*Asks:* 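Please see the structure below; I have some questions.
Small disclaimer: the values here were computed from a predicted structure and weren't measured. Both ligands and their constituent atoms are indexed starting at 1 by order of listing.
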Amino acid sequence: MTSLKAIVALAALGWSLSAAAGPLASPKRGLAFTPNDTTRVDDTIWITQPSCLTWYYNYKAEPEPTFSESFSQSEFEFVPMMWGAPEDASDTTFLETIKGLVKKGINITNVLSFNEPDGPWEWGGSDIEPAHAAKVWVSNLMPLQEMGIRVGLPATTGAPSGLVWLKSFLEECRKLVSTEKESRNCTYDFVTVHWYGNFEGLASHLGEYVATFPNKTVWVTEYNLAHASLAETQAFYNISAEYMDRLEEVERYSLFGAFRSDVSNVGPNAAMLTADGQLTDIGNWYLGRPAAGVNPESLGTRLSVAWVLGLLGVVVSLVA
Ligand SMILES: *[C@@H]1O[C@H](CO)[C@@H](O)[C@H](O)[C@H]1NC(C)=O
Ligand SMILES: *[C@@H]1O[C@H](CO)[C@@H](O)[C@H](O)[C@H]1NC(C)=O
Ligand SMILES: *[C@@H]1O[C@H](CO)[C@@H](O)[C@H](O)[C@H]1NC(C)=O
Ligand SMILES: *[C@@H]1O[C@H](CO)[C@@H](O)[C@H](O)[C@H]1NC(C)=O
Ligand SMILES: *[C@@H]1O[C@H](CO)[C@@H](O)[C@H](O)[C@H]1NC(C)=O
């Protein structure tokens, strides 16, 4: 009995020591969900408990059935996104879709707008002219704000073109609003940013946005240190999570990395899953769990079974 107690106490001590090494759980953390049709088996990894993830987006207007069937909005909040702009600015398909979700009883409280509108299609941007984006904002997003839903500014790329685009968008939006809709202003409820680069760059990027948009909170909906070594990527992950957890202006963040290392477009070490779909150390930390010591590029179990068999072979040959 006493020894059992001692083991439990030691385990608790080990846990608290490992937790003291860096931030494990955070209520700000969410999932940038990018499922791959060939590995849909991975989808449930993100909702398996324990997990500290409180919200997700999937770059779409409608929720992921796997998630919405298991969790209510207050448990795991779906945040719809208007990824791009329809050619016809008076097309209100997005607005109607969100109204439909609300009618079905899904408590939508936050919405994300255009994804990298200052970036070209080839790089995954939605490539929208600020004046056109402003028209679509007025037709689709302002009515949502009137329903009490918070709407984030478009998430531009981390390049200098991002801020230029946003300023131009806001100017166009204000012009429209003051002519067409006299009584309304062109407001937004939070600012959304993406960042790929090192920690100093992330901190200075956040500083610039916080200074440009005073009194608004920031959502970092994509970020990572792309194409770096495992040690650098893990150090970046820890220091940036600790920083964003501490920074009051950062309301939420989601690491771009919820995919397998072999199909990662930000380098294998930035991925939260190994090539055979196991959580990497960063993946485990992100969900609020301790590391399992998995190399992102490894084939997880298959390799470790091979490794154990190999070791057995060495032992057997040494004994014989
Ligand atoms: C990152 O944080 C984890 C979890 O707290 C810790 O175990 C690990 O040693 C840290 N790694 C680096 C490189 O800071
Ligand atoms: C999805 O996975 C397949 C098979 O591994 C891969 O060929 C493809 O590039 C992946 N797609 C994306 C968008 O990552
Ligand atoms: C919807 O969610 C918001 C924010 O979490 C909460 O304040 C509100 O009470 C919820 N409304 C309903 C009807 O559940
Ligand atoms: C609309 O917003 C702009 C920029 O924040 C501000 O200068 C202007 O006074 C606001 N107009 C109204 C009517 O609130
Ligand atoms: C920011 O909020 C503070 C306190 O609520 C207020 O005094 C200040 O005027 C606000 N600044 C801007 C630029 O809105």
Side-chain angles (χ1 to χ4, degrees), residues 14-30 32-43 50 52 54-55 58-60 63 68 71-80 98 101-111 122-124 144 147-151 189-190 198-199 217 225-226 228-246 251-252 255-277 279-297 299:
W15 175 270
S16 64
L17 281 179
S18 74
L24 281 177
S26 164
K28 297 183 182 181
R29 235 169 259 172
F33 186 59
T34 52
N36 183 314
D37 278 342
T38 64
T39 50
R40 294 306 301 233
V41 63
D42 296 347
D43 297 357
C52 69
T54 54
W55 66 281
N58 57 2
Y59 299 84
K60 295 180 191 160
S68 55
F71 298 102
S72 70
Q73 282 292 87
S74 62
E75 292 167 325
F76 192 42
E77 181 193 343
F78 168 61
V79 181
I98 305 308
L101 296 178
V102 171
K103 208 176 242 172
K104 272 200 285 184
I106 303 177
N107 187 13
I108 303 294
T109 49
N110 296 290
V111 161
E122 323 69 285
W123 299 350
L144 292 176
M147 290 163 60
I149 294 174
R150 299 170 76 225
V151 180
D189 302 287
F190 55 90
N198 64 18
F199 172 70
T217 53
L225 175 63
S229 72
L230 182 58
E232 286 170 320
T233 311
Q234 291 188 340
F236 166 84
Y237 169 75
N238 278 7
I239 191 173
S240 54
E242 190 272 331
Y243 184 70
M244 292 191 290
D245 284 337
R246 187 159 40 87
E251 185 180 336
R252 295 186 181 186
L255 186 70
F256 191 75
F259 35 73
R260 296 189 179 201
S261 60
D262 60 336
V263 299
S264 168
N265 63 354
V266 284
N269 296 319
M272 287 197 266
L273 297 177
T274 62
D276 72 347
L279 285 166
T280 62
D281 288 354
I282 290 177
N284 272 303
W285 293 331
Y286 195 70
L287 297 191
R289 306 176 194 174
V294 175
N295 184 318
E297 288 185 84
L299 281 172

*Asks:* What are the two closest heavy atoms between Pro296 and Pro268, and how far apart are they?
*Replies:*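 What the structure gives for the nearest pair is CB-O, 3.5 Å.
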
*Asks:* Please report the shortest heavy-atom distance between Arg29 and Ala241, naming the atom on each side.
*Replies:*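 Taking Arg29 first and Ala241 second, the nearest heavy atoms are NH2-CB, 4.1 Å.
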
*Asks:* Among all protein heavy atoms in this structure, tell me which lies nearest to atom 2 (O) of ligand 2, with the distance rounded to 0.1 Å.
*Replies:*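 Nearest neighbour among protein heavy atoms for atom 2 (O) of ligand 2, to 0.1 Å: Asn36 ND2, 2.4 Å.
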
*Asks:* Suppose we measure from atom 4 (C) of ligand 3 to each protein heavy atom; which comes out shortest, and what is that distance?
*Replies:*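 Residue, atom and distance for the closest contact: Thr109 CG2, 3.9 Å.
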
*Asks:* Within the distance-only criterion (no hydrogens, no angle test), does the side chain of Tyr286 pair as donor or acceptor with the backbone N or O of Gly30 below 3.5 angstrom?
*Replies:*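 Pair found, side chain donor or acceptor close to backbone of Gly30.
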
*Asks:* Nearest protein heavy atom to atom 8 (C) of ligand 2: under 4.0 Å?
*Replies:*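 It does; a protein heavy atom is within 4.0 Å.
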
*Asks:* Go through ligand 2 atom by atom and flag the ones less than 4.0 Å from a non-hydrogen atom of Thr38.
*Replies:*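 Answer for ligand 2: 1 (C), 2 (O), 3 (C), 4 (C).
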
*Asks:* Is the shortest N/O to N/O distance between Gln234 and ligand 1 below 3.5 Å?
*Replies:*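 No: no nitrogen or oxygen of Gln234 is under 3.5 Å from one in ligand 1.
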
*Asks:* Can you measure from CZ (Arg289) to CG (Leu279) and round to the nearest 0.5 angstrom?
*Replies:*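 Taking CZ in Arg289 and CG in Leu279, the distance rounds to 5.5 Å.
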
*Asks:* Tyr243 vs Phe199 aromatic rings, parallel, tilted or perpendicular, using cut-offs 30° and 60°?
*Replies:*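 Tyr243 vs Phe199 ring planes: perpendicular.
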
*Asks:* Output the list of atoms in ligand 2 that are nearer than 4.0 Å to some heavy atom of Val263, sorted by atom number.
*Replies:*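 In order of number, 2 (O), 5 (O), 6 (C), 10 (C), 14 (O).
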
*Asks:* Which heavy atom of the protein is the closest neighbour of atom 10 (C) of ligand 3, given with residue, atom name and distance?
*Replies:*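 Going atom by atom, the protein heavy atom closest to atom 10 (C) of ligand 3 ends up being Asn107 ND2, 2.4 Å.
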
*Asks:* Residue-level breakdown please: for Tyr237 versus ligand 1, do any non-hydrogen atoms fall below 4.0 Å on the side chain, on the backbone, on both, or on neither?
*Replies:*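 No part of Tyr237 comes within reach of ligand 1.
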
*Asks:* Mind listing the closest non-hydrogen atom pair of Asn269 and Ser229 along with its distance?
*Replies:*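 Smallest heavy-atom distance, with atoms named: ND2-C, 3.5 Å.
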
